[in-house]
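Throughout, residue positions are numbered sequentially from 1 according to the sequence presented. Keep in mind that what you see is a predicted model, and the values were worked out from it rather than measured.
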Amino acid sequence: MSAFAFANPAILIGLLALPVIWWLLRLTPPRPKSEVFPPLRILASVLKREETPANSPWWLTLLRMALAAAIILAIANPVINPRANSLNGSGPLVLLVDNSWATAPDWDRRVQTAEALIADAEDAGVPVSVTFTADTTHDAVPGSAAAAREKLAAAAPKPLVPDRERAAAAVTEAIKGTRPGTVVLLSDGVANAADETALDALASLSPAEIRVIEGDGARTIALTEATNNADAMSVTATRLVTGMPRSMTVNALDPQGRALASGTLDFAAGAATATAEISAPFELRNDFARLAVADLATAGSVRLLDDGFRRRRVALISGDSGSDFQPLLQPLYYISRALQPYADLIEPTTADLSVSIPQILEGNPSAIVMADVGRLPADVYEPLQQWISRGGTLIRFAGPRLAAAPADDPLVPVILRQGERALGGAMSWSEPQALADFPATGPFAGLPRAGDITVNRQVLAEPTPDLADRTWASLADGTPLVTTREQEAGRIVLFHTSAEATWSNMPLSGTFVEMLRRLVQMARAGGAASATADTAAALPPFRLLNADGTLTTETGIARPITIAAGATPVASFDHPPGLYGTEDGFSAVNLLAPGTELQPFNASLDGVNVVREGLIGGEAQSLRPLLFALAFLFIVLDSLVVLFMNGAFSRLPRPGRSAAAGLVALAGLLLVAHPGEGLAQDAQPGDDVIMEHLDTTHLAYVVTGEAEVDQLSEQGLQGLTQFLTYRTTLEPGAPVGVDIATDELAFYPIIYWPISANAPMPSQAAISRIDAYMRNGGTVLFDTQDQYSGLNSSGMTTPNGERLQAILGNIDIPPLEPTPEDHVLARSFYLLNDFPGRYAGSPLWVEARQEAAQTGSELSSSGDGVTPLLITANDLAGAWAVDAQGTPVLPTVPSDAMQREYAYRAGVNIMMYMLTGNYKADQVHVPALLERLGQ
């Protein structure tokens, strides 16, 4: 690809005419200067030494030559980094497009690249096959360029890893042996496991050429792992481009998307991975809902967190409470200190296990740790087993009591031999045993073996065929140290040594702390499930990530997922990344598995020449606009020079000539810099009306088209205006009726909208303008005026209510609630308990203060805490309406003068609330107000 080219190179032949233009300009003298005939003028001219030149000055000729050259070059259209049509027209164009998570940052450029390739195929007259590698279904049959553009316009990035192998297989089946001309893989640049198979399938089509087009990959960064350690959360990330060092910020967000803490990812030069530490108190880390890389919006740059990262509730039970004077010998001493940074610990209030264990089970802990507990009361075995079956985790430690317990204990994972095995004593032939390497499977996988740990005593397990499968840790001689058994949804774990340092020195090591931490993290965060829970049921999709890394409620074709105990699920086509379960409990499915490292896509094939290119969107730049602007500047300068040479400014006083020339030059420069713009802006029609609305507050109502309704609205707001003028310092202007489809709505803090089923339904464009008005801080008071009708309709929806539902059905409204007693509306001016109008009984609905922040609704209170909409059925305008003499137009129902007074007060509170926002909710002023009341 050439770095510079001309779109119309034939036009450059016009440059050969420049010498002719030079000769003509030098041959042609300037136009003779006109002089006045009076004799004195002639005599004065005789004395002048200046003479009119016989031909054009060289610098003016050069200026005009530059003008001609600029025009010729602009028509030739020079382009930097032009794109050449190099498609092979011997067969159809096969276009495989990666629409994976990594394509979200530069998707527009990828679309431009694909559109350019489709246009080249259309010029060559060959069909086009378009396939998207992250789609669940493929239609790779070659078709027209127009059909390919439609498929491209409908495509979008998906929060998935591309499956190039399946897409290549679909292409192979669709073209049915037809030899393609050009095969183009528009890749995201990230390598996958089956890439070699996919490229072999494409090469088997015997295309004339294979091209791979990629982006720069600078924004391809993904979070792969998060670990909640004792003091901080550790976050691991991987990147595609590893050449330069780079630092990025990782934010920990709560369920509402607010940043609670942050850490820094420092990628070293040449490093593909980096780790960030997010330091925060454990209670705050328990509120983390997801992690996100700042300034990136992809599904890979987000790591979802679920119950597995929350703090667990762990109950501690001991067979012997020990002595407070010897705390180091207490069975729970080392366990409590090991778990305290990671869990909320619960200890029984009584030593009676028949009482303490049921009390503990009522709290539904995630795990129960028993240190040297042998026999349990008979009545607690069944509740404990039910708790384990529903998802509880029981962790037991051996000791003298457990060694003497019966062998048929149902709460141990393996069959135990009675008594303990002593190692290294005077009566023993064996030496104390060290730990063996931890198995590659199980919760202790990857944990380094501590060589200084030795075990002096242990309880032995009877050999069984499945003993090795149930062993998570063992001693150097092969005897089990930690065994486990699953019991439906729960688990029983046994340490074959004691929890204090009499049988081994393991409780004194950091390995003991890490082993306990991992076991507790495996326990269910919310405790055991209810007795009726179906532990084998699959989890339905609850919230899913889109390609931009945003959680949405659209689950699409996602299927329920079954997650095995201790397994880490990974996203797939059937299970896109997101949260699976319900609002009460869910599991996170992330895009990439822990330990994933992004690698560049390898497009090399043995014996096949694969051409690699970059995206074309935004690279080709035409110099034509710059050359035309330069030519226009030359024209302006040439015109000014000609004016000077022809004496256009000769009649000005000499001191003012230079100023005039400067003004003319400045005007020319301004014209070049801002073509089409004047030096001054004239006042536009209607400015006086705008200034009048800005200078005075006006109450506004929606013109519905019904004369009676509109007249009542005007009279109602006029009555409220008079009341506001008499009772407050606010002096509004005359009420204004607005057409929501055409009038400017930003002048009014609140708009009263009387709902009438007989009025024409507003257009979608008008409703969108109301939606935008509320998003920008305005408030609409909807009044269905049907409280009296609603009372006679047994709670059925009235026609006006149905019309309101139809209007609000096209607006993204927040959750609503009746005005609470402590709401600012109830005390913004008057102290009110309700908001009556002509009728009483209907609540005034406002935005829910707590729930709105959790819905993700785009429409929420944005004007200093003011609700964007109010809804009532009490006919406020009917209570406010007065005639020209100030007499009420309509009676209240029932007829009550105080009800009308309270209706006016409700209007005053609403207006003050609109104008002052949440000022009245500021409790800072309460002490000062109480002090003044005391005086």
Side-chain angles (χ1 to χ4, degrees), residues 1-7 77-88 93-121 123-124 128 130-134 148-149 152 155-157 161-162 164 167-168 180-192 195 198-199 202-203 207-222 239-244 246 270 272 296-298 300-301 547 598-605 608-623:
M1 181 180 294
S2 175
F4 184 84
F6 288 90
N77 191 16
V79 179
I80 300 176
N81 293 328
R83 186 187 65 85
N85 182 356
S86 58
L87 289 183
N88 190 293
L93 167 65
V94 175
L95 184 58
L96 270 74
V97 181
D98 281 348
N99 58 331
S100 63
W101 65 273
T103 63
D106 56 356
W107 178 251
D108 292 338
R109 290 188 62 192
R110 295 175 181 274
V111 171
Q112 293 176 22
T113 303
E115 288 177 344
L117 293 171
I118 294 173
D120 293 343
D123 295 339
V128 182
V130 180
T131 308
F132 299 96
T133 59
R149 290 191 184 95
L152 185 64
V161 174
R164 302 187 183 105
T182 301
V183 173
V184 179
L185 174 57
L186 194 53
S187 170
D188 60 7
V190 182
N192 290 330
D195 286 343
L199 289 174
L202 295 178
E209 62 172 349
I210 298 179
R211 296 162 62 180
V212 175
I213 301 178
E214 299 173 340
D216 56 13
R219 299 177 66 82
T220 306
I221 299 175
R239 62 173 178 169
L240 182 63
V241 179
T242 61
M244 299 295 292
R246 188 174 184 182
L296 279 183
T298 66
S301 64
L598 299 180
Q599 298 290 340
F601 174 60
N602 183 10
S604 61
L605 282 173
V608 179
N609 182 24
V610 179
V611 180
R612 305 191 72 155
E613 302 175 359
L615 299 176
I616 66 172
E619 291 185 354
Q621 297 180 358
S622 175
L623 298 180

Inset, instruction - Mind running side-chain contact (heavy atoms from CB on, under 4.5 Å) on Leu117 and Ile213 for me, showing each step along the way? - result: CA-CA 11 Å; Leu117 293 171; Ile213 301 178; 4.0 Å; yes
Inset, instruction - Please report the C-alpha distance between Ile210 and Leu185 in whole Å, then the side-chain angles of each, then the deciding distance to 0.1 Å, and finally whether the side-chain contact (heavy atoms from CB on, under 4.5 Å) criterion is met. - result: CA-CA 8 Å; Ile210 298 179; Leu185 174 57; over 6 Å; no
Inset, instruction - Give the C-alpha distance, both sets of side-chain angles, the deciding distance and a yes or no for side-chain contact (heavy atoms from CB on, under 4.5 Å) between Val111 and Leu152. - result: CA-CA 7 Å; Val111 171; Leu152 185 64; 4.1 Å; yes
Legend entry - Intermediate values then yes/no, side-chain contact (heavy atoms from CB on, under 4.5 Å), Val190 and Leu240: CA-CA 7 Å; Val190 182; Leu240 182 63; 4.1 Å; yes
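Between the side chain of Asn99 and the backbone N or O of Ala134, at least one donor-acceptor pair lies under 3.5 Å. A donor-acceptor contact shorter than 3.5 Å links the side chain of Arg246 to the backbone of Ala218. A side-chain donor-acceptor contact under 3.5 Å links Arg110 to the backbone of Ser187. Within the 3.5 Å criterion, the main-chain N or O of Pro105 finds no donor-acceptor partner in the side chain of Arg219. Listed for the Thr182 side chain is a donor-acceptor partner under 3.5 Å among the backbone atoms of Asn88. At least one donor-acceptor pair under 3.5 Å links the side chain of Asn192 to the backbone N or O of Pro162.
Across Arg239 and Met244, no two heavy atoms sit closer than the pair NH1-O, 2.8 Å. The nearest pair of heavy atoms linking Ile118 to Ala148 is CD1-CB, 3.8 Å. A pairwise comparison of heavy atoms in Ala168 and Leu202 identifies CB-CD2, 4.1 Å as the closest pair.
Using a 4.5 Å heavy-atom threshold, the side chains of Val184 and Thr113 count as separate. Inter-residue side-chain proximity for Ile221 and Leu598 is flagged as unmet; no heavy-atom pair is nearer than 4.5 Å.
Between Asp188 and Arg164 a salt bridge is recorded (basic side-chain N to carboxylate O distance below 4.0 Å).
Considering only residues two or more places apart in sequence or on other chains, Thr103 meets the side-chain hydrogen bond (donor to acceptor under 3.5 Å, both in side chains) condition with none of them. Remark: Asp108 pairs with no residue by the side-chain hydrogen bond (donor to acceptor under 3.5 Å, both in side chains) rule, at least two apart or across chains.
Between the side chains of Asp98 and Ser100, not a single donor N or O lies within less than 3.5 Å of an accepting N or O.
With rounding to the nearest 0.5 Å, the separation of CG in Leu96 from CG in Leu186 is 9.5 Å. Taken from CG in Asp106 to CD in Gln112, the straight-line distance is 10.5 Å, to the nearest 0.5 Å. Separation of atoms CZ (Arg211) and CG (Leu93) is listed at 8.5 Å; rounding is to 0.5 Å.
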